[in-house]
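Below is one structure; the comments refer to it alone.
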Amino acid sequence: MKNLLVTGGCGFIGANFIHFLFEEIGFDGRVINVDSLTYAGNPENLADLPESARQQYHFIQADICDENIMARVFDDFDIDTVCHFAAESHVDRSIVTPDAFVRTNVNGTFVLLELARRRLDKLNLFHHISTDEVFGELGDEGAFTEMTPYNPSSPYSASKAASDHLVRAYSRTYGMPVTISNCSNNYGPCQFPEKLIPLISLNALEGRPLPVYGDGKNVRDWLYVRDHCRAIWTIMQRGERGETYNVGGRCEKTNIDVVQTICRLLDDIAPPLAQGARESLITFVKDRPGHDFRYAIDCSKLERELGWVPAESFESGMRQTIDWYLTHQGWVDRVISGEYQKWVDQHYQS
Ligand code: NAD
Ligand code: DAU
């Protein structure tokens with residue numbers, strides 16, 4: 001693994017993965033981060049990479065759907081490994097603008113697969129990052145395994161399902177060395193504050209209403225982002241080519257439980273609010289259309305075959321996450337005000 005193409009490396013999980021590579025693994029190859037810097041891409045997420053990584057790290061602002069530019073990236077950097085994060089990732093946005101999701105998640109993945117196919121002889125691995133949402137929703141019992149049939153509910157999850165199928169087809173048809181990981185809900189530093197945990201944390205900090213969809217009883221399985229990064233790296237290193245691995249935290253929580261935990265944590269460590277306890281800010285709002293009731297991941301294949309287990313509990317992960325947002329007020333202000341995008345406009349040309 002000498003020349004690793006990371007797509008979507010300025011987003012939440014991609015940026016955490018690049019930090020992980022340089023800070024925990026001591027990765028000694030080149031990392032070529034291609035990101036088009038949509039609203040979710042923020043180069044500031046990588047501004048504090050260790051000095052020693054500077055020689056190895058290359059950033060290119062480009063759209064993965066642009067076949068000509070991506071062909072140059074593959075050739076110029078002699079790419080031998082792909083770790084594909086780039087996607088439109090937010091379910092609510094996919095309900096309003098599904099076209100962007102089909103474009104990036106399906107067409108973009110297709111472009112990368114075609115370019116990887118052209119250099120099959122040099123390709124070590126195409127690792128595709130996916131989601132547990134491809135499996136649809138669970139009732140009160142059971143958990144998704146790698147054998148669970150796909151049954152996506154939202155345009156987001158349908159587009160991710162389509163991309164998974166394409167990746168698997170390239171493995172079966174062309175013998176491409178691929179691995180796929182389907183992960184549950186991540187949380188941690190640098191997550192864009194449209195997703196539940198950062199949105200609620202920042203609203204609760206400032207005393208704004210805390211919107212909870214429906215009755216708040218929907219269940220998600222939470223995983224600290226560094227644990228996801230370690231799972232991805234483990235699969236890339238030792239996962240069997242052609243295989244899929246489920247990744248999850250064995251950490252099921254109702255949404256209302258998550259929101260109450262955040263309120264209590266902030267009541268403990270943040271300045272008190274004039275309104276009193278933060279739970280009083282909870283506001284039940286109209287439910288998300290097609291809202292999946294419950295996700296739960298059975299990750300025993302990854303545990304048994306590759307020895308991965310999460311290092312963080314929900315309590316320790318949430319403390320680190322809240323600490324990060326409290327100590328990165330500048331990041332928060334620039335993201336909330338949209339100033340980070342002005343910075344992008346000044347520094348990069350599309
Ligand atoms: P994110 O929205 O924070 O980041 C996505 C990144 O992709 C951004 O930097 C964005 O600029 C970039 N991007 C979008 N369209 C692009 C394009 N056409 N060309 C180049 N770059 C583009 O997303 P995330 O939460 O970090 O998710 C990363 C991956 O992990 C996605 O594939 C997502 O489906 C998957 N995933 C996310 C979670 C989660 O809980 N966040 C869980 C499981 C799987
Ligand atoms: O399961 C993995 C998926 O997790 C990833 O593939 C997606 O990229 C990621 O966005 C996430 O999807 P969710 O829809 O589960 O995450 P979100 O943070 O948007 O919502 C979590 C739960 O909280 C969900 O049941 C909806 C609810 N919710 C969300 C928001 C933004 C609220 O109740 N209020 C809110 O304001």
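Indexing begins at 1, ligand by ligand and atom by atom, following the structure's order.
Contact annotation for Lys160 and ligand 1: only side-chain heavy atoms (C-beta onward) come within less than 4.0 Å of the ligand. Heavy atoms of Asn105 found under 4.0 angstrom from ligand 1: none, in either backbone or side chain. When non-hydrogen atoms are compared, ligand 1 lies under 4.0 Å from neither the backbone nor the side chain of Phe101. Of all the heavy atoms of Asn255, the ones lying under 4.0 Å from any atom of ligand 2 belong exclusively to the side chain. Of all the heavy atoms of Ser184, the ones lying under 4.0 Å from any atom of ligand 2 belong exclusively to the backbone. Counting heavy atoms under 4.0 Å from ligand 2, residue Leu196 touches it through both backbone and side chain. Looking at Asp292 against ligand 2, nothing comes within 4.0 Å, counting heavy atoms.
Of the listed residues (Ser130, Ala62, Ser89, Cys183), the one carrying the non-hydrogen atom nearest atom 44 (C) of ligand 1 is Ser130. The heavy atom nearest to atom 19 (N) of ligand 1, considering only Ile64, Asn185, Asn33, is found in Ile64. Closest heavy-atom approach to atom 14 (O) of ligand 2 within the set Lys160, Lys195, Arg288: this belongs to Arg288. In this structure, of Ile200, Asp221, Asp132, the residue bringing a heavy atom nearest to atom 2 (C) of ligand 2 is Asp132. Across Ala40, Ala86, Ala87, heavy-atom proximity to atom 5 (C) of ligand 1 is greatest for Ala87. For atom 8 (C) of ligand 1, the choice among Asp35, Val111, Asn182 with the nearest heavy atom turns out to be Asp35. The heavy atom nearest to atom 35 (C) of ligand 1, out of those in Asn186, Ile129, Thr104, is found in Ile129.
Across all non-hydrogen atoms, the minimal contact from Tyr187 to Gln191 is CA-OE1, 3.6 Å.
Between Arg250 and Asp221 there is no salt bridge, since no side-chain nitrogen of the basic residue lies less than 4.0 Å from a carboxylate oxygen of the acidic one.
Below 30°, between 30° and 60°, or above 60°: for Tyr150 and Phe135 the angle between ring planes is above 60°, a perpendicular geometry.
Under the salt bridge (Lys or Arg N to Asp or Glu O under 4.0 Å) rule, Arg294 has a single partner from Glu141, Glu252, Glu137, which is Glu252. Phe126 pairs in a side chain to side chain contact (heavy atoms under 4.5 Å, CB included) with only one of the listed residues (Leu120, Ile180, Val82), which is Val82.
Counting heavy atoms from C-beta outward, Phe59 and Cys10 have side chains that approach closer than 4.5 Å. The shortest side-chain heavy-atom distance between Lys301 and Met147 does not fall under the 4.5 Å cut-off.
Residue contact annotation: Glu194 has a non-hydrogen atom under 4.0 Å from ligand 2.
Residue Thr38 approaches ligand 1 through these ligand atoms, each under 4.0 Å from one of its heavy atoms: 10 (C), 11 (O), 14 (C), 15 (N). Distances below 4.0 Å separate heavy atoms of Leu199 from the following atoms of ligand 2: 36 (O).
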